[in-house]
Student: 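Just dropping this structure here.
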Protein chains: 2
Amino acid sequence: MRPTTKDLAVAAGVSLASVDRVLNGRSGVRKKTVDAVNEAIERIGFVRNLSAANLAKSKQYRFLFLLPRHGDLFVSELSSHIEEADAALKAEGMDLRYQSISQNDPHEITRALDAIIPEDVDGIALMAPESPQVRDAAIRLKERGIQVVHLISGQQDMSGLDFVGIDNRAAGATAARLIGRFCTGRQGKVMIVTETMNARDSLERRFGLDEVLTTDFPNLTALPSMETYGDKERAKSVIATAIKKNADIVAIYIMSSEARAPLAGLSDTKLQSKPIILAHELTDRTRKGLMSGELDALIVQNPGHLVRSAVRLLRAGVDGRSVLKSQEQIRIEILVKENLLSEVGPDT
Amino acid sequence: MRPTTKDLAVAAGVSLASVDRVLNGRSGVRKKTVDAVNEAIERIGFVRNLSAANLAKSKQYRFLFLLPRHGDLFVSELSSHIEEADAALKAEGMDLRYQSISQNDPHEITRALDAIIPEDVDGIALMAPESPQVRDAAIRLKERGIQVVHLISGQQDMSGLDFVGIDNRAAGATAARLIGRFCTGRQGKVMIVTETMNARDSLERRFGLDEVLTTDFPNLTALPSMETYGDKERAKSVIATAIKKNADIVAIYIMSSEARAPLAGLSDTKLQSKPIILAHELTDRTRKGLMSGELDALIVQNPGHLVRSAVRLLRAGVDGRSVLKSQEQIRIEILVKENLLSEVGPDT
DNA sequence: CTTGATCTGAGGTACGTACCTCAAGTACCA
DNA sequence: TGGTACTTGAGGTACGTACCTCAGATCAAG
């Protein structure tokens, strides 16, 4: 059997009370006693029984995800994974919820953040576009004892707040690598479409893309980023204009997580030859596109991982534990038609 | 606060003892009572407190991983992830170990399996080449009340035993897709190297590769699979012979998890133009190869996921729970230089 | 040596579930 | 109607940790 706190007390030559004081970092313990306990922990290989600890604490962790209101398909993926994680983690004392906030009004977001009180919520996972107001509100939250992590987009100055999401520079670079490889021996332009370049993730992806494209694929020239603002008609018109000016487009990179508008805009256009098309995130739309051959590859972050990673970070924050940030790095996954099905993958 | 068994008893109008009988599937309960309890569970949203349950059971799960003795780099990756998982899950009553078994002697493997007794071990994760003797020994284990899952390779007739690993047919198909895409506009041969075609995974990968290559990439012709038997010198000679016969090799697919011998065999060969090279699994060697440009892409299964998935399956087996097999599907990941770094990824 | 502050030990309760025993209840059959 | 088998309830202990109180020990400074 594994050693218990009782065994630990005996091994350290102190009382259970002192062991408790050391283990839970309470004050009023001589350094000598602390050392004795720590030494005994090492010696007998004591590991705190998490089940018992959680039970004794009978602690509930209430975490709130704040997601953009007029969400795209990827946001609905996220919310369904939140529900799933909530169900799975209920048994461990978790209570996960999500709530919609404005997509672009910093004042509304700030008001929502300021309205949150520690009595209701232990931590927040915030998915919101970058703005100084929001950043300050997040810091105020933290000062009120509420944990905050940034989800997916992140703020420019993270101010010691944690970030959950992929390295978007690397994601853009990955896209460039695939595009370059898929276009071996061809010369031409790469069209880049996104919802808005105001989003930090789009900026970083573009940066990573350019880096690899200019270095490794001089045969390809990236066009200026085009913005759809999530609007189909606008997407159609800007794309049509771009194609008229550049008949030699060989690849198209859809940078934003919402691929519907750009894909709709592309539907009835004509190019010299079928271009390579890359998009982000796995949704019903992009899955369909990949299966049918409309899309050539996807660059994806796993929404389940995002949610669970955010929860782990928030929980570590509440418990005052530190977390290896590198451990919470979200993988940049590449999907083609053939490895798409394996994407139902484990939680793990 | 969340409802407890006590609340559940009140809600169902029965005693705590009956609730316990229903929750833990004990016999001697009228259907009517069972229904009443289940109805109440739904109604009040009862979720068993896992921490309390684990504590009360004070159960230890002892799982043993059996890995091939003369393991390649990927096997060492696996064992280090087992140690990691062991440390992480100790607090939840897990005890994970691994042990080396013969790589190819079915009799020795069978002896090892038959020597395992339920007093020592609750479950086995077995990574061994396909053979009838081993399959039967695994079934005997199960009959003795020891859970068994097959890791990575799997047996032909799974006989109701669980399998943890990627869909190797799909992995081969993914490789074909990448090779085909990376060789756009080129005509030539695809060299296929593996340790041995006796392994089920190599067989299936080859099958998936051929399927996609013949359908979608008629410009590429796959050569017969070449076997290295893990030997550098042999690798050198077979590869040299193949290249002499086929100067138009445009791509090389290393199917086995051990890429060292084939890569060594390729090191001082000359081809008309630099071929595309794909390999499997992320090890120090393949990471280096990918970074330096020696390798163009990797097809990878995450060893941490494999280990945790095996543990979940074994534990579910011990607890008599069922698991959605689709939930335990291991992802087929594609790595290029740019998304390699994100591969330190989270557990979860 | 006294005083006050700091530290330690003893002992208790609580968390929610598992599992045990024993008595009492119900149903059915002969 | 009595006997038997099945079903239910009451009450208990146990798991390992957290957290509380209070008395007593130890220590440092005056």
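Chain A is the first sequence line, chain B the second, and so forth, proteins listed ahead of strands; every chain is numbered from 1. We use all heavy atoms of the structure for the numbers below, so side chains are in, but hydrogens, waters and symmetry mates are not.
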Student: Report the residues that fulfil side-chain contact (heavy atoms from CB on, under 4.5 Å) with Gln133(A), sequence neighbours left out, ordered by chain and then residue number.
Tutor: Pro106(A), His107(A), Thr110(A), Ser131(A)

Student: Please enumerate all protein N or O atoms sitting under 3.5 Å from an N or O of nucleotides 13-17 of chain C, with distances to 0.1 Å.
Tutor:
| unit_1 | atom_1 | unit_2 | atom_2 | d |
| --- | --- | --- | --- | --- |
| dC15(C) | O2 | Ala56(A) | N | 3.3 |
| dG16(C) | N2 | Ala52(B) | O | 3.3 |
| dT17(C) | OP1 | Asn49(B) | N | 3.3 |
| dT17(C) | OP2 | Thr5(B) | N | 2.5 |
| dT17(C) | OP2 | Thr5(B) | OG1 | 2.9 |

Student: Compute the bend angle of the helix from dC1(C)-dG30(D) to dA30(C)-dT1(D) from the end axes (five pairs per end), rounded to 10°.
Tutor: 20°

Student: Holding to side-chain hydrogen bond (donor to acceptor under 3.5 Å, both in side chains), I want the full list of residues that pass it with Arg21(B), two or more places apart in sequence or in another chain.
Tutor: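 If we apply the side-chain hydrogen bond (donor to acceptor under 3.5 Å, both in side chains) test to Arg21(B), skipping adjacent residues, there are no hits.
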
Student: Measure from the side-chain heavy atoms of Arg26(A) and tell me the nearest of dA18(D), dT8(D), dT8(C).
Tutor: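 Closest nucleotide among those given: dA18(D).
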
Student: Looking only at non-hydrogen atoms, find the nearest pair between Phe65(A) and Val311(A) and report the distance.
Tutor: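 Nearest pair, atom of Phe65(A) first, then Val311(A): CZ-CG2, 4.1 Å.
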
Student: Counting just side-chain N and O atoms, does Ser18(A) come under 4.0 Å of either OP1 or OP2 of dG9(C)?
Tutor: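 Answer yes for this pair, as a side-chain N or O of Ser18(A) is under 4.0 Å from OP1 or OP2.
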
Student: Using the side-chain hydrogen bond (donor to acceptor under 3.5 Å, both in side chains) criterion, which residues pair with Arg30(B)? Sequence neighbours excluded.
Tutor: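 Per chain and number, Arg30(B) pairs via side-chain hydrogen bond (donor to acceptor under 3.5 Å, both in side chains) with no residue.
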
Student: Identify, with sequence neighbours excluded, every residue that meets side-chain hydrogen bond (donor to acceptor under 3.5 Å, both in side chains) alongside Arg140(B).
Tutor: Asp114(B)

Student: Side chains of residues 6-15 of chain B: which donor-acceptor partners sit under 3.5 Å, not counting sequence neighbours?
Tutor:
| unit_1 | atom_1 | unit_2 | atom_2 | d |
| --- | --- | --- | --- | --- |
| Asp7(B) | OD2 | Thr4(B) | N | 2.8 |
| Ser15(B) | OG | Ala17(B) | N | 3.3 |
| Ser15(B) | OG | Ser18(B) | N | 3.3 |

Student: According to side-chain contact (heavy atoms from CB on, under 4.5 Å), who are the partners of Ala52(A), at least two apart in sequence or on a separate chain?
Tutor: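 With sequence neighbours excluded, Ala52(A) shows a side-chain contact (heavy atoms from CB on, under 4.5 Å) to Asn49(A), Leu55(B), given in chain and number order.
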
Student: Mind checking side-chain contact (heavy atoms from CB on, under 4.5 Å) for Gln147(B) and listing every partner two or more places apart, or none if nothing turns up?
Tutor: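 Gln147(B) satisfies side-chain contact (heavy atoms from CB on, under 4.5 Å) with Lys142(B), Leu314(B), Val318(B) only.
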
Student: Restricting to nitrogen or oxygen on both sides, can you table the protein-nucleotides 3-7 of chain D pairs closer than 3.5 Å?
Tutor:
| unit_1 | atom_1 | unit_2 | atom_2 | d |
| --- | --- | --- | --- | --- |
| dT7(D) | O3' | Arg30(B) | NE | 3.3 |

Student: List for me each residue that meets side-chain contact (heavy atoms from CB on, under 4.5 Å) alongside Glu108(B), sequence neighbours excluded, and say none if there are none.
Tutor: Arg69(B), Ser102(B), Asp105(B), Arg111(B)

Student: Can you name the side-chain hydrogen bond (donor to acceptor under 3.5 Å, both in side chains) partners of Arg97(A), sequence neighbours left out?
Tutor: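 Arg97(A) satisfies side-chain hydrogen bond (donor to acceptor under 3.5 Å, both in side chains) with Asp95(A) only.
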
